[in-house]
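Have a look at the structure below, then the notes.
Throughout, a chain's letter reflects where its sequence line sits, starting with A, and its residues are numbered from 1. Remember, predicted model here, so these are calculated numbers, not experimental data.
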Amino acid sequence: EAQVTQNPRYLITVTGKKLTVTCSQNMNHEYMSWYRQDPGLGLRQIYYSMNVEVTDKGDVPEGYKVSRKEKRNFPLILESPSPNQTSLYFCASSSLGTGGAEQYFGPGTRLTVT
Amino acid sequence: AQSVAQPEDQVNVAEGNPLTVKCTYSVSGNPYLFWYVQYPNRGLQFLLKYITGDNLVKGSYGFEAEFNKSQTSFHLKKPSALVSDSALYFCAVRLRGGTSYGKLTFGQGTILTVHP
C-alpha cells in the first residue's frame, strides 16, 4: 500500500530535550516536505526537499533541522524544543514530474512541549 | 511572496443544497492550485487541482473548482452537499518554476458543516 508513515504519532516532551520525528514514504517520490498545523493558521511549510541531499527552507524553519540522506526518509529534528513548537506536524511527499503533482500526507504527529 | 486567503472560517449548508468554499491567492507568476480535505483526526487528502486547460476542474467525491485568473480565485463547489462532506478544507498554491518552486502555501482552512 502506498503510504507516508510518521513516528511517533504522539509525543510529550520537555523544553530543551532533543527529539526526532521520522517520516518515510514507499512511493519513490523525489519531493518531501514538513508542515505544522496550528488553529487559525492552516498549514505552514517548515522545510522541503526536492531530492536526496537537497533541502530548502519553507516559511517557518526556525528551530528545526532536516536531512535527506535517503530518498524514502525525511526526518524532522528539534534540537532544543520550546513550548511554541507545540503543534500538529505533517510530513508529505509527491513526485516532481511536471510540478503539479498532488502531495500524499502522513497521519500526523501531535507534539507537546512543556 | 505567495499567499492564500480563505475568507470564511466556517461555512454552514443544509444537506442537498449547493456549497461553495472560497479561495483567493496572490503569486508572482502562474500557479498550480490545489484543494485538500482533512477529516477529524486524519491527515490531509487530495481533492483536486488546477494545472492548465479548462477552468472548471472536477475532483473526488463530486467536488469541482473554478479557476478565475482575473479574480485570482479558485473556489471549491459541490452541487449537492452531503453530511459526510463536513470537514476542514484547505486551498493551496505552488509556483510553476523559479527558486521557490518547492514551496507550497496553504490557506488557513475553512470548516464546512453540512446539516441534515
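- Criterion: ILVMFWY side-chain heavy atoms under 4.5 Å apart, direct or through other members. Under it, A:I77 and A:M32 are not part of a common hydrophobic cluster.
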Dump the intermediate steps for side chain to side chain contact (heavy atoms under 4.5 Å, CB included) on B:W35 and A:E102, then the final yes or no.
CA-CA 9 Å; B:W35 276 100; A:E102 63 271 24; over 6 Å; no
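- Each of A:F90 and A:V21 belongs to its own hydrophobic cluster when Ile, Leu, Val, Met, Phe, Trp and Tyr are linked at side-chain heavy-atom distances under 4.5 angstrom.
- Side-chain contact check for A:Q37 versus B:F90: some heavy-atom pair is nearer than 4.5 Å.
- The backbone N or O of A:Q103 lies less than 3.5 Å from a partner atom in the side chain of B:Y36, making a donor-acceptor pair.
- With rounding to the nearest 0.5 Å, the separation of CZ in A:F105 from CD in B:Q45 is 11.0 Å.
- No continuous path of hydrophobic side-chain contacts links A:V66 to A:Y35 [ILVMFWY only; heavy atoms under 4.5 Å].
- Using a 4.5 Å cut-off between heavy atoms, A:S94 contacts chain B through its side chain alone, with no backbone atom that close.
- For a residue to count as touching a neighbouring chain, one of its non-hydrogen atoms must lie under 4.5 Å from one of that chain's; by this rule A:L41 touches chain B with the backbone only.
- Annotation for B:F106 and A:L43: closest pair CB-O, 3.5 Å, computed over non-hydrogen atoms.
- In this structure, A:K57 places its NZ atom where only 12 or fewer heavy-atom neighbours from other residues, nucleotides or ligands lie under 6.0 Å away.
- Cation-pi contact between B:R94 and A:Y31: present, with separation from the ring centre below 6.0 Å and deviation from the ring axis of at most 45°.
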Carefully, step by step, assess A:Y104 and B:F46 under the rule side chain to side chain contact (heavy atoms under 4.5 Å, CB included).
CA-CA 7 Å; A:Y104 293 79; B:F46 168 74; over 6 Å; no
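- The CD atom of B:Q108 sits 13.0 Å away from atom CG of A:D38, with the distance rounded to the nearest 0.5 Å.
- Of the two parts of B:Y50, neither the backbone nor the side chain holds a non-hydrogen atom closer than 4.5 Å to a non-hydrogen atom of chain A.
- The hydrophobic clustering, which links ILVMFWY residues whose side-chain heavy atoms are closer than 4.5 Å, places A:Y47 and A:M50 apart.
- Proximity to chain A (any heavy atom under 4.5 Å) is shown, for B:L48, by neither the backbone nor the side chain.
- Minimum interatomic distance between B:L104 and A:Q45 (heavy atoms only, all atoms of both residues): N-OE1, 3.0 Å.
- Taking the side chain as every heavy atom from C-beta outward, B:N41 and A:R110 never approach each other to under 4.5 Å.
- Clustering ILVMFWY residues whenever any of their side-chain heavy atoms sit less than 4.5 angstrom apart, transitively, puts A:I12 in a cluster other than the one holding A:L88.
- Between B:K103 and A:Y48 the shortest heavy-atom distance is CG-CE2, 3.7 Å.
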